[in-house]
Amino acid sequence: MKDSALFAEAIAVDEGRIVAVGSKEDIEALADDATERVDLQGKTLMPGFIDPHGHMMSAGTAVLSQADLNPPPMGKVTDMAGLIAKLKEHGDSNPDAAVVRGSRYDDTLIAENRHPTREDLDQVSTTRPVVVTHISGHVTVGNSKALEMAGVTAETKDPDGGRIAKDANGQPNGVMEGNAGALLRKLIPKDTKEDELAAIRKGSEMWAAAGFTTANDQFGDPAIIDAYKKAIDDGDFKVRLTYWPRVTTIEAASKFPTVKSGTDVSEGRNLIHQGPLKLVIDGSPQGYTAHFSQPYMTQRAHDHGDYKGFSYWDDRKAFFSFVKRLHRDGWQMTTHANGDQGIQDILDAYSAAQRTYPRNDARHTIQHAQFTRPDQLVQMAALNVNPSFFIGHTFYWGDRHKNVFFGKARAEHISPMKGALEHKLIPTTHTDTWVTPIDGIQMIWSSVNRVSTSGDTIGEGQRIDPLDAMKAITVNAAWQYFQEDIKGTIEPGKLDARINLARLVIS
């Protein structure tokens, strides 16, 4: 991954660090009788993949304790009956669970072409709360028991950055958009320490199997750091971790170990690093919760023809103030923004913070950045703000973005990797697992081909070459989160991706 020296024959590793890279003859000269040699039989060694955006513990939890409601090609749910059957089966298999949980359904890929409602979920249970989460993570649905226990009635007001959907009689139908989903999620019991460790172990297996040597997680409770340390000490965590504090107050942010992104918090072992503070400004395009400057192409029956989504921060002044304070205090920030209006809001906030408190090399980023306009790439370059694209949207949702949600012109510019590179930005790509499976090869493939599930090409002009696609999850990902001195390339001084191993590799 070094442009000046892309290829080498061999590398030497000692005590967890790369110590030399070069010809087979030169590296062999460093060996002695105790050196372990690995011949790759002509295969290519690459830097370990770095996940720039994921939810490791949640992904492990989803596999272990939630009904899998994924549609094809990721799962098997194709209609409401199938969704209900999956939940019933899961509930029957877990009779002691306080809440019957399911996740990753997609309303646009089931026959009824709608979200489940309280009435649908009442078929699963009327005595236990049933709570399911949309594949985007930005819509949550509960049955009648869940709404009752959460205290959600016709009189309940929409929370800041959230919407409570109503039926024709003005009663909540169970669908909670944006921040309103928290009203139902509070019913879910807090994971035990054993639950956390099991989820971390499962997540570790998933990320390592896909070639990732650094995973990502996001949480609001700094105590989760101790759970990861325990998993490492127990030998149950096979990769490294970059975590993001995900909080909405200065008081909550102050509980984390540091403000400096890239800081090792694993007692010098370089196994856990704190990354940027995570903000969320809007939701999901396929969940109709992303915020746009122009209306969605296909309007739902209750949208009145001009629905553009909404901001998760109704108080724009409060959002700008929070961003300015974080910037002033030295935080790196990374902000979830999908719609072009959400992207504009965070660019404006970053710009205002930088004007008020000038700071070099802040490396603020925008997560997903799906519908970045060409003029916004110019703004990113001027502000030194870099995107991390959810590139799998071109595959998993490309057809619907083009034909249903947004039309050809907007859809073909989603995840504009080529444009980002042309503006000298340093982009990364991600899968946002648990939303889609952790799969570095798929990310590279989508960056290069931009082919949808139907075989359509979504934005041919935004295709990039394989080397740049690989950089997005190696060297670029290390740089975005202030770890370029230890990860991302195969060169002397960088960490061995295999934790606590000292080996000589000859290819």
Side-chain angles (χ1 to χ4, degrees), residues 53 55-58 137-138 140 150-151 157-162 176 178-193 196 216-230 241-267 272-283 310-337 342 345-346 348-359 362-367 385 481-482:
H53 183 131
H55 304 266
M56 173 170 273
M57 187 180 291
S58 295
H138 291 270
T140 306
K157 293 183 178 180
D158 290 338
D160 184 12
M176 316 289 272
N179 291 338
L183 298 172
L184 295 177
R185 292 192 297 271
K186 69 182 181 181
L187 301 177
I188 299 169
K190 181 177 173 58
D191 287 338
T192 65
K193 294 298 182 185
E196 292 174 350
N216 176 251
D217 208 348
Q218 307 163 36
F219 42 79
D221 182 0
I224 299 296
I225 301 169
D226 293 330
Y228 273 101
K229 289 181 179 179
K230 179 70 164 60
L241 176 75
T242 299
Y243 71 86
W244 300 346
R246 185 170 179 173
V247 296
T248 56
T249 67
I250 295 298
E251 293 72 24
S254 68
K255 295 179 181 178
F256 282 84
T258 179
V259 303
K260 187 172 176 56
S261 187
T263 299
D264 175 20
V265 298
S266 59
E267 293 73 47
I272 304 176
H273 291 84
Q274 181 164 304
L277 188 142
K278 170 77 177 292
L279 301 171
V280 179
I281 190 63
D282 73 349
F310 56 89
S311 172
Y312 278 25
W313 287 71
D314 289 343
D315 189 336
R316 182 179 173 88
K317 183 177 180 181
F319 179 69
F320 272 52
S321 177
F322 188 45
V323 169
K324 284 183 180 180
R325 173 73 183 274
L326 292 168
H327 180 79
R328 185 199 72 181
D329 291 350
W331 286 93
Q332 181 191 18
M333 285 173 279
T334 189
T335 304
H336 168 121
D345 287 346
I346 188 56
D348 290 346
Y350 284 161
S351 179
Q354 190 65 268
R355 286 196 306 271
T356 306
Y357 304 108
R359 189 174 128 208
R363 298 194 200 179
H364 300 321
T365 68
I366 299 178
Q367 292 299 315
V385 169
Y481 304 117
F482 291 94

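All values below come from the heavy atoms of this structure, side chains included, with hydrogens, waters and symmetry mates left out.
The shortest non-hydrogen separation linking Arg359 to Gly330 is NH2-O, 3.3 Å. Residues Ile366 and Ala337 share a closest heavy-atom pair of CG2-CB, 3.9 Å. Considering all non-hydrogen atoms of both residues, Tyr243 and Val265 come closest at CE2-CG2, 3.8 Å. Considering every non-hydrogen atom in both Gly283 and His138, the closest pair reads CA-ND1, 3.5 Å. Contact record, Met333 with His364: N-ND1, 3.0 Å, taken as the closest heavy-atom pair. For Tyr481 against Ser261, the heavy-atom pair with the smallest separation is O-OG, 4.0 Å.
Under the rule for a side-chain contact (heavy atoms from CB on, under 4.5 Å), the partners of Ala318 that lie at least two apart in sequence or sit in another chain are Asp315. Judged as a ring-ring contact (aromatic ring centres under 6.0 Å, His included), and not counting sequence neighbours, His273 has no contacts. Residues satisfying the side-chain contact (heavy atoms from CB on, under 4.5 Å) criterion with Ser266, sequence neighbours excluded, are Asp264, Arg269, Leu271, Ile272. Taking Phe319 as the reference, Trp313 meet the ring-ring contact (aromatic ring centres under 6.0 Å, His included) condition, with sequence neighbours excluded.
Phe219 places none of its side-chain heavy atoms less than 4.5 Å from the side chain of Met57. Between Thr334 and Gln218, the closest side-chain pair of non-hydrogen atoms is not below 4.5 Å. By the 4.5 Å heavy-atom criterion applied to side chains, Thr263 and Pro257 are not counted as neighbours.
Panel note: side chain Asp160, backbone Asp314; a donor-acceptor pair is recorded below 3.5 Å. Not a single donor-acceptor pair under 3.5 Å links the side chain of Asp191 to the backbone N or O of Glu196.
Residue pairs meeting the salt bridge (charged side-chain N to carboxylate O under 4.0 Å, His left out) criterion with at least one member in residues 326-336, sequence neighbours excluded, are Arg325-Asp329. Applying the salt bridge (charged side-chain N to carboxylate O under 4.0 Å, His left out) test to every pair with at least one member in residues 244-261, sequence neighbours left out, gives no pairs at all.
Atom CG of Leu279 sits about 6.5 Å away from atom OH of Tyr350, to the nearest 0.5 Å.
Between His55 and His53, the angle of the ring planes goes over 60°, which puts this pair in the perpendicular group of the 30/60° scheme.
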Exercise for review: Show the numbers, then the answer: is there a side-chain contact (heavy atoms from CB on, under 4.5 Å) between Leu277 and Gln332?
Suggested key: CA-CA 6 Å; Leu277 188 142; Gln332 181 191 18; over 6 Å; no

Exercise for review: Given side-chain contact (heavy atoms from CB on, under 4.5 Å), test Lys229 with Glu267 step by step and report yes or no.
Suggested key: CA-CA 10 Å; Lys229 289 181 179 179; Glu267 293 73 47; 2.9 Å; yes

